[in-house]
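Right, one structure below, let's go through it.
These numbers come from a predicted model, not from an experiment.
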Amino acid sequence: MVLRSAVICAAVMLSTVPTLLAAAPAQAAGGVNDAACRPSADHPNAVVFLHGLGANKGEDLNFLQDDVAKQGYCTYSLTYGAGAYGPFVGGVGDIARSATQIKAFIQDVLTQTGAAKVDLVGHSEGGFQTLYVTKTQGIADRIDNVVAIAPPTHGTSFAGLYELGMTLGADDLAGQVLTAFGCVACTQLVTDGSAVRTLANGPIAQRGVTYTIIQSRYDELVTPTETAFVREPGVTNTYVQDVCPYDPVGHIGEAYDTNVWHLVKNALDPAGAAPFACSVGSPG
């Protein structure tokens with residue numbers, strides 16, 4: 001959920017359709033949306049990246065995806081949930097409908113690559129979808145690792161604006177406006193939103209899946225920041241600042257922060273997890 005605005009989501013960048021790119025020569029060192037890539041013994045899972053609200057498969061997690069591919073993984077991404085803003089602005093559609101798109105894409109990746117399982121990496125709304133899809137789409141047995149960056153797991157107050165609207169008696173009006181402007185997902189991801197209620201109905205963590213949730217103490221849009229975490233067995237909840245205490249990274253910056261990238265790669269390959277030198281991310 002890359003929330004470009006606390007009220008209306010918009011972004012226009014690169015590619016769009018939830019399909020894999022045309023076949024290309026196989027790459028032993030991994031690949032990005034490469035139909036010919038085959039997972040290796042070292043990295044047997046394909047990795048699916050899920051962008052945030054208002055973004056698309058070519059923006060938000062694209063640099064992280066490139067970095068993970070360079071480690072030898074077969075990586076894939078799609079633009080899901082496009083709607084009123086056109087095919088380049090994803091994540092604005094109904095959460096449940098987007099989840100079915102993501103499920104179909106995962107199944108295509110599994111068939112195409114021959115991998116037994118996939119790992120899911122998502123940022124913001126994409127992080128929420130890693131949890132939501134795994135719980136609701138009946139494919140948890142095909143998912144190995146879930147890595148969620150700044151997900152609005154228990155809903156977000158949109159930096160306090162949602163609570164302000166409730167105080168003023170305008171929360172229903174705000175929801176109507178967001179829906180009218182084509183951002184159905186915005187209304188479903190607020191505190192006590194419909195998608196949040198679905199996710200919170202019973203345990204979030206599914207048996208056999210390893211979960212890592214990464215959040216910044218300075219996230220200004222998923223607020224309060226603790227609401228990103230899942231306090232259940234089998235889930236590792238980590239603040240960026242637990243590892244890199246001087247990193248002021250904010251919500252959007254978490255997708256581009258190299259400290260976050262290292263934490264993601266360590267979560268994907270715990271046996272090969274390694275210490276790293278901390279950097280300073282963007283506070284926005």
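For the side chain to side chain contact (heavy atoms under 4.5 Å, CB included) test with Val118, the passing option among Leu110, Asn145, Val47 is Leu110; the others fail.
Screening residues 85-152 for disulfide (SG to SG under 2.5 Å), with sequence neighbours left out, gives no hits. Listed by first and then second residue, the disulfide (SG to SG under 2.5 Å) pairs that reach into residues 75-137 come to none, sequence neighbours excluded. Applying the side chain to side chain donor-acceptor pair (under 3.5 Å) definition to pairs two or more places apart or across chains, none involves residues 201-210. Residue pairs meeting the disulfide (SG to SG under 2.5 Å) criterion with at least one member in residues 80-113: none, sequence neighbours excluded. Within the structure, disulfide (SG to SG under 2.5 Å) pairs that include any residue of residues 124-154 do not occur (at least two apart or interchain).
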Evaluate the ring pair (Phe, Tyr, Trp, His ring centres under 6.0 Å) criterion for residues Phe49 and His123: first the C-alpha distance (whole Å), next the side-chain angles of each, then the deciding distance (0.1 Å), finally the verdict.
CA-CA 8 Å; Phe49 288 81; His123 173 230; over 10 Å; no
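Take Phe276 and apply the ring pair (Phe, Tyr, Trp, His ring centres under 6.0 Å) test, not counting sequence neighbours, and it matches His262. Residues forming a salt bridge (charged side-chain N to carboxylate O under 4.0 Å, His left out) with Lys103 (at least two apart in sequence, or on another chain): none. Taking the ring pair (Phe, Tyr, Trp, His ring centres under 6.0 Å) definition, one finds that His43 meets it with Tyr73, sequence neighbours left out. Residues satisfying the ring pair (Phe, Tyr, Trp, His ring centres under 6.0 Å) test with Tyr132, not counting sequence neighbours, are Phe128. For Asp144, there are no salt bridge (charged side-chain N to carboxylate O under 4.0 Å, His left out) partners, not counting sequence neighbours. Residues passing the salt bridge (charged side-chain N to carboxylate O under 4.0 Å, His left out) test with Glu232: none are found, sequence neighbours excluded.
Lys57 places no side-chain N or O within 3.5 Å of a backbone atom of Asn62 that could act as its donor or acceptor partner.
Using a 4.0 Å cut-off between charged nitrogen and carboxylate oxygen, Lys265 and Asp67 count as a salt-bridge pair.
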Expected list for residues 239-248: side-chain donor-acceptor pairs under 3.5 angstrom, two or more places apart:
unit_1, atom_1, unit_2, atom_2, d
Tyr239, OH, Thr225, OG1, 2.9
Gln241, OE1, Arg217, N, 2.8
Gln241, NE2, Ser216, OG, 3.1
Gln241, NE2, Asp247, O, 2.7
Asp242, OD1, Arg217, NH2, 3.0
Asp242, OD2, Tyr239, N, 3.2
Asp247, OD1, Val249, N, 3.1
Asp247, OD1, Gly281, N, 2.8
Asp247, OD2, Asn259, ND2, 2.7

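Counting heavy atoms from C-beta outward, Val196 and Thr153 have side chains that stay 4.5 Å or more apart.
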